[in-house]
Amino acid sequence: MKVSFVSSQAISKALRYQTQRMQGDLVKATKEVQTLRVADVGLALGARTGVSTSLHREVSRLNGLKDTNGLAASRLDSTQVALQDLTKISNDLMADLTTASADVADPKVIQKQAETILSTMTSILNANLNGEYLFAGINTDVRPFNDFLEAGSPNRVAFDTAFAGFTFSDPITEAELNDFLDSIEPMFDASGWDNWSSATDDTITSRITLTETAQTSVSANISGVRKLAQAAATVAMLADKQLNGGARDALFERALASVGEAITDFSNQQGYVGVTQQKLEQANERISMQVDLFSKSINDLEGIDPYEASTQVTGLMAQIEISYSLTARMQQMSLLKYLS
Amino acid sequence: MSLSTALNIAQNSLLNTQRQTGVVSRNISNAYNEDYSRRSAVLSSLAPGSRIADVRRAADAALFRQNLSALSGWTAQSTIVEGLDRINLAVNGVDNLTSPATVLGKFQEAIQLYSSTPTNRTLAENAIEAARSMVRSLNEGTQAIQSFRADMDGQIAAGVSELNSLLAEFKTVNDEVIRATHSGGDGLDALDQRDALLKKIAEIVPISTVTRTGNDIVIVTADGGATLFETIPRHVAFAPTPAYGAFTAGNAIFIDGVPAPLATGANTTGGGSLAALVQLRDDYSNGLQAQLDEVARGLISAFSETDPNPPGNTAPGLFIWDTPPTMPPAGTRTVGLAGLISLNPVADPTQPGGDAQRLRDGIAFNANPDNYGNFNDLLIGFTNAMDAHAEFVSVDGTTVTMSLMTYSTGAISWLEAARKTADYGAETKSALIVRTNEALSNVTRVNIDEEMALMLELEQSYAASARMLQMIDEMLKTLLSIAR
């Protein structure tokens, strides 16, 4: 009658099983110490693994957004500078016009000044960034603004045709001039503006956060550009023609009014761009915060405490060593040894 | 008279000791044999002297049964764990890095990048490459799932044929046990063999046994539904399917004409490798395939395009699945869609006439007739559509409303949840099998020390008996010398 019985196999198997388990744990713990994340994310998180995958994905996408936002920001910066330049030349033109209308200097001077303004605004509006025309709306492959001073360009041809089709007395009277200027008004409106600009009214849409988009460019079709072009073109074309006093005054007056409107619009546009720039900056800040937050969440999900993991490794190694020496001693422990 | 009786007894004792020594040495030689049950020589006292009635075999029917069921459970569970690991690795890759969900994220990023600079042809091609990886991930996932199913089917076939041959072997051994029982022989080796066979059978199907007169055993499945062995082995039938497609339904296993018991859950309710293999082949593979198919459908519809001109038809864009391209039926799973989805060759620069920029301008319809360089309405629309809520069919057939991106991670969660549960199940079941094994082993196996101690006893007993013989011999000599 035995009270308790243990088989030799059970003894050796129990030891083997325990050692195996500990060795398995050691492999896992070592990997965790090295990578500082759980050895098998799927086994550790189970149904929440999808969350971790989607967080990783979001972080990567947000970082991508930050890069593309950089691109949009540099476009906005360039646009802002260009708008400032446009304002500046508008102011110059305004000053020149005021001077011209005050005294009866050589009309050639103001005519040349207007031409300079035209060529400057053409070069500003045709500015290029990363191979895209800044003011082209979304038609960024095509140079948006036609050079009025170039003979044969469509806007010039349209103006010349209109001028030739009109009969003037010599010198041109105020009434005639006003009629002519009224007749060319549509050239700077919707219908005739195509001759000036190939830009689209639609501007570039950029995604600036995961859910938000913003217009990150300004088109050459804004009313400021049209008004400035109108003022500069009429003065450049008509100032050196034979005009009587009333006609000259009317020309300068209408040009001044246009430039005034242009300046107002440019400053408005600067304001819009400034708002978008700020929005972008805030979006970037938010993205950085989100990335930090998501990274923290990922760490909460998958991360491990390095101290805990390394203590675990040390503990397991000690345990396994004990187990080895125990095995060796148990192998020694046999009745056979004591029998002779 | 009494001296010769004493002589007889001593002689008998020598014989007993020799037989007992034989049992001890046999026990020791089988100390580490898993299928061996400890023998013990039981002495019954008979006047005059003692003689060995029989050699008994240590056994505990209850523990053995428990061990069988633990063995079934553990085999099933470890099969599930291994299978889920394999399919997870095949479809989702290490750390889910090649899973459709992850690739989808990369693809969305590529579209995002392209939409920031739509004039850039390199970015367009980059987006198309990401789309190609997406298609490949779905196609290869489908292939991996289906070849996994074919593999499981093959393993089922192998398991069934092994089961049939084990049952045939069982008949031979069982017959021997019955013969030995009837003829009064010991038949202990046959019993050992029979237990070993039962264990092997239990690894394949969960069984319960009924012992009848003459030590005859009837094997039925654990739920009692089908008979595996009764006097003769019953046939286990299975028609293997060599190749699998998403449409293919695997065949059932029939035991003696009755469908074999099925198992459910990642911490499987079933026992034996067969039930687990069927579970992997049907439940998990099909569940995963269903989710891939839905991701494919989500992709096709997220990248579908609407005609800007009346009547405003909708047609598949970047991703197509049939020719001529049509939209997959809405709101329902199209079986095998993940294997059919492909890139529209019109937008694929590696195909003749393919142009990556078509992704910006519209593939099915021209949404950018004026060829504006920075036209990105479609591209932004695509990224929005990937994040927009849509209806998807989940694994259990119910309709859920979520975004494509979320749905795709759901597939990972689903599989990983199963893996976690399975792993937990494996832990408890392995603990159970280790525990019952230990208990059974403690009852039925050999302890060498004890056998050695027994041997010492026998040595003493032998020496004492021999000494007895000598004594009696001397006494007889004395007696004879007196008589001379």
Side-chain angles (χ1 to χ4, degrees), chain A residues 2 4-14 17 37 40-54 56-58 60-61 63-65 67-69 71-72 130-133 136-142 200 202-207 210-211 213 217 333-336 338-339, chain B residues 31-34 38 88 92 95-96 99 101-102 104-106 108-109 112-113 115-120 370-377 380 383 387 405-406 408-421 423 434 437-438 441-450 452-453 455-456:
Chain A
K2 285 180 291 280
S4 69
F5 186 81
V6 61
S7 73
S8 303
Q9 202 187 26
I11 297 171
S12 68
K13 263 195 153 177
Y17 175 69
R37 69 196 280 247
D40 188 327
V41 178
L43 283 189
L45 298 181
R48 286 184 304 156
T49 317
V51 177
S52 128
T53 309
S54 104
H56 276 293
R57 230 168 41 184
E58 298 286 80
S60 164
R61 200 176 156 207
N63 282 329
L65 265 178
D67 294 345
T68 55
N69 277 357
L71 205 70
N130 289 333
E132 294 177 351
Y133 289 102
I138 58 170
N139 193 12
T140 47
D141 296 341
V142 182
T200 60
D202 291 338
T203 51
I204 297 174
T205 314
S206 300
R207 182 177 292 281
L210 289 183
T211 49
T213 56
S217 78
M333 203 177 71
S334 168
L335 194 54
L336 212 58
Y338 303 96
L339 299 178
Chain B
Y32 292 101
N33 180 352
E34 292 249 7
R38 180 164 40 87
N88 185 42
N92 290 337
D95 280 345
N96 296 316
S99 69
T102 313
L104 193 61
K106 294 232 158 61
Q108 196 185 23
E109 258 178 71
Q112 158 87 51
L113 190 62
S115 82
S116 75
T117 319
T119 43
N120 193 328
D370 297 320
N371 242 337
Y372 293 145
N374 244 302
F375 176 79
N376 63 5
D377 291 4
I380 287 187
T383 47
D387 281 326
M405 303 305 284
T406 316
S408 67
T409 57
I412 292 183
S413 289
W414 177 77
L415 194 60
E416 295 289 17
R419 270 187 73 214
K420 188 179 181 178
T421 317
D423 197 60
V434 167
N437 238 339
E438 198 179 286
S441 146
N442 277 342
V443 172
T444 61
R445 310 264 187 277
V446 180
N447 181 325
I448 293 182
D449 284 354
E450 178 177 287
M452 296 309 294
M455 213 184 70
L456 287 183

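Heavy atoms only: backbone and side chains are in, while hydrogens, waters and symmetry mates are out. It should be emphasised that the depicted structure is a prediction, and the values quoted were computed from it without experimental measurement.
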Engineer: Out of B:Ala453, B:Ser413, B:Ala417, return the one with the most heavy atom pairs under 4.5 angstrom to chain A.
Structural biologist: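 Greatest number of close heavy-atom pairs with chain A: B:Ser413.
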
Engineer: Heavy-atom cut-off 4.5 Å, strictly under: side chain, backbone, both or neither for B:Val446 against chain A?
Structural biologist: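 Looking at B:Val446, just its backbone touches chain A.
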
Engineer: Side chains of A:Ser52 and A:Arg37: is there a donor and an acceptor less than 3.5 Å apart?
Structural biologist: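 No, no side-chain donor-acceptor pair sits under 3.5 Å.
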
Engineer: Side chain from CB out, backbone as N, CA, C, O: work out which of these in A:Asn63 comes under 4.5 Å of a heavy atom of chain B, or both, or neither.
Structural biologist: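 Neither the backbone nor the side chain of A:Asn63 comes within 4.5 Å of chain B.
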
Engineer: I need the residue from B:Glu109, B:Met452, B:Lys106, B:Met455 with the largest number of non-hydrogen atom pairs under 4.5 Å to chain A.
Structural biologist: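 Option with the top pair count is B:Glu109.
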
Engineer: Sort out for me which of B:Asn88, B:Thr383, B:Asn96, B:Asn92 touches chain A most, counting heavy-atom pairs under 4.5 Å.
Structural biologist: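 Ranked by heavy-atom pairs under 4.5 Å with chain A, first place is B:Thr383.
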
Engineer: Taking C-beta and beyond as the side chain, do B:Gln112 and A:Arg207 meet within less than 4.5 Å on heavy atoms?
Structural biologist: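 Contact flag for B:Gln112/A:Arg207 side chains = yes.
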
Engineer: Where on A:Leu71 is there a heavy atom nearer than 4.5 Å to chain B: the side chain, the backbone, both, or neither?
Structural biologist: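 Contact with chain B involves the side chain of A:Leu71 alone.
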
Engineer: For chain B, which candidate among A:Ser60, A:Ser12, A:Ser54 shows the most heavy-atom pairs at distances under 4.5 Å?
Structural biologist: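 Of the candidates given, the most pairs with chain B belong to A:Ser60.
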
Engineer: Side chain, backbone, both or neither: which part of B:Ala101 has a heavy atom under 4.5 Å from chain A?
Structural biologist: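 For B:Ala101, backbone and side chain are both near chain A.
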
Engineer: Are side-chain N/O atoms of A:Thr205 and A:Thr213 paired as donor and acceptor at under 3.5 Å?
Structural biologist: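 Looking only at side-chain atoms, A:Thr213 and A:Thr205 do not form any donor-acceptor pair under 3.5 Å.
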
Engineer: Under 4.5 Å between any side-chain heavy atoms of A:Val6 and A:Ile11, yes or no?
Structural biologist: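 Sidechains of A:Ile11 and A:Val6: in contact.
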
Engineer: Quick check: does any side chain N or O of A:Ser8 sit under 3.5 Å from a backbone N or O of B:Ile448, one acting as donor and the other as acceptor?
Structural biologist: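 Side chain of A:Ser8 to backbone of B:Ile448: a pair is present.
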
Engineer: Please determine, by modelled atom types, if B:Ser115 and B:Asn376 share a side-chain donor-acceptor pair under 3.5 angstrom.
Structural biologist: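 The answer is no; no qualifying pair exists.
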
Engineer: Checking heavy atoms, do the side chain of A:Ala136, its backbone, both or neither come under 4.5 Å from chain B?
Structural biologist: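 No part of A:Ala136 comes within 4.5 Å of chain B.
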
Engineer: Pick whichever of A:Gly46, A:Ser206, A:Ala14, A:Ala10 has the most heavy-atom pairs under 4.5 Å with chain B.
Structural biologist: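 Of A:Gly46, A:Ser206, A:Ala14, A:Ala10, A:Gly46 has the most heavy-atom pairs under 4.5 Å with chain B.
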
Engineer: Which region of B:Thr406, side chain (C-beta onward) or backbone (N, CA, C, O), has a non-hydrogen atom less than 4.5 Å from a non-hydrogen atom of chain A, or is it both or neither?
Structural biologist: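 Only the backbone of B:Thr406 comes within 4.5 Å of chain A.
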
Engineer: Using a 4.5 angstrom heavy-atom cutoff, name the option from A:Asp141, A:Thr140, A:Thr68, A:Thr53 with the most pairs to chain B.
Structural biologist: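 Between A:Asp141, A:Thr140, A:Thr68, A:Thr53, the count favours A:Thr140.
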
Engineer: Sort out for me which of B:Thr102, B:Thr409, B:Leu113 touches chain A most, counting heavy-atom pairs under 4.5 Å.
Structural biologist: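 Of B:Thr102, B:Thr409, B:Leu113, B:Thr409 has the most heavy-atom pairs under 4.5 Å with chain A.
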
Engineer: Whether the side chain of A:Thr200 engages the backbone of A:Gly137 through a donor-acceptor N/O pair (distance < 3.5 Å, no angle test) should be reported.
Structural biologist: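 Flag not set: sc A:Thr200 to bb A:Gly137 has no pair under 3.5 Å.
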
Engineer: Of the backbone (N, CA, C, O) and the side chain (C-beta and beyond), which part of A:Thr203 lies under 4.5 Å from a heavy atom of chain B, both, or neither?
Structural biologist: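 Neither part.
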
Engineer: So which part of A:Leu45 gets closer than 4.5 Å to some heavy atom of chain B, the side chain, the backbone, both or neither?
Structural biologist: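 The answer is the backbone of A:Leu45.
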
Engineer: Identify, with sequence neighbours excluded, every residue that meets salt bridge (Lys or Arg N to Asp or Glu O under 4.0 Å) alongside A:Glu58.
Structural biologist: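 Once residues adjacent in sequence are excluded, A:Glu58 has no partner under the salt bridge (Lys or Arg N to Asp or Glu O under 4.0 Å) criterion.
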
Engineer: Does any heavy atom of chain A fall under 4.5 Å from the side chain of B:Asn33, the backbone, both, or neither of them?
Structural biologist: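 Contact with chain A is through the backbone of B:Asn33 alone.
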
Engineer: Can you measure from CG (B:Asp387) to CZ (A:Arg61) and round to the nearest 0.5 angstrom?
Structural biologist: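 Taking CG in B:Asp387 and CZ in A:Arg61, the distance rounds to 5.0 Å.
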
Engineer: Using non-hydrogen atoms only, which part of B:Asp449 is less than 4.5 Å away from chain A: side chain, backbone, both, or neither?
Structural biologist: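 For B:Asp449, backbone and side chain are both near chain A.
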
Engineer: Please classify the contact between A:Glu132 and chain B as side chain, backbone, both or neither, with a heavy-atom cut-off of under 4.5 Å.
Structural biologist: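 Looking at A:Glu132, just its side chain touches chain B.
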
Engineer: How close do A:Ser7 and B:Arg445 get, counting heavy atoms only, and between which atoms?
Structural biologist: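 Smallest interatomic distance, heavy atoms only, reads CB-CB, 3.5 Å.
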
Engineer: Return the option, out of B:Thr117, B:Asp377, B:Thr421, with the maximum number of heavy-atom pairs under 4.5 Å with chain A.
Structural biologist: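 Greatest number of close heavy-atom pairs with chain A: B:Thr117.
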
Engineer: Side chains of B:Glu450 and A:Phe5, heavy atoms from C-beta outward: is any pair under 4.5 Å?
Structural biologist: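 Side-chain contact under 4.5 Å: yes.
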
Engineer: Which heavy-atom pair separates B:Met405 from B:Gly105 by the least distance, and what is that distance?
Structural biologist: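 Minimum heavy-atom contact is CE-CA, 3.9 Å.
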
Engineer: Side chain, backbone, both or neither: which part of B:Asn120 has a non-hydrogen atom closer than 4.5 Å to chain A?
Structural biologist: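 Neither the backbone nor the side chain of B:Asn120 comes within 4.5 Å of chain A.
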
Engineer: Between B:Leu415 and chain A, which part of the residue has a heavy atom less than 4.5 Å away: side chain, backbone, both or neither?
Structural biologist: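 Contact with chain A involves no heavy atom of B:Leu415 at all.
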
Engineer: Looking at B:Arg419 and B:Glu416, is any side-chain nitrogen of the basic one under 4.0 Å from a carboxylate oxygen of the acidic one?
Structural biologist: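 B:Arg419 and B:Glu416: salt-bridged.
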
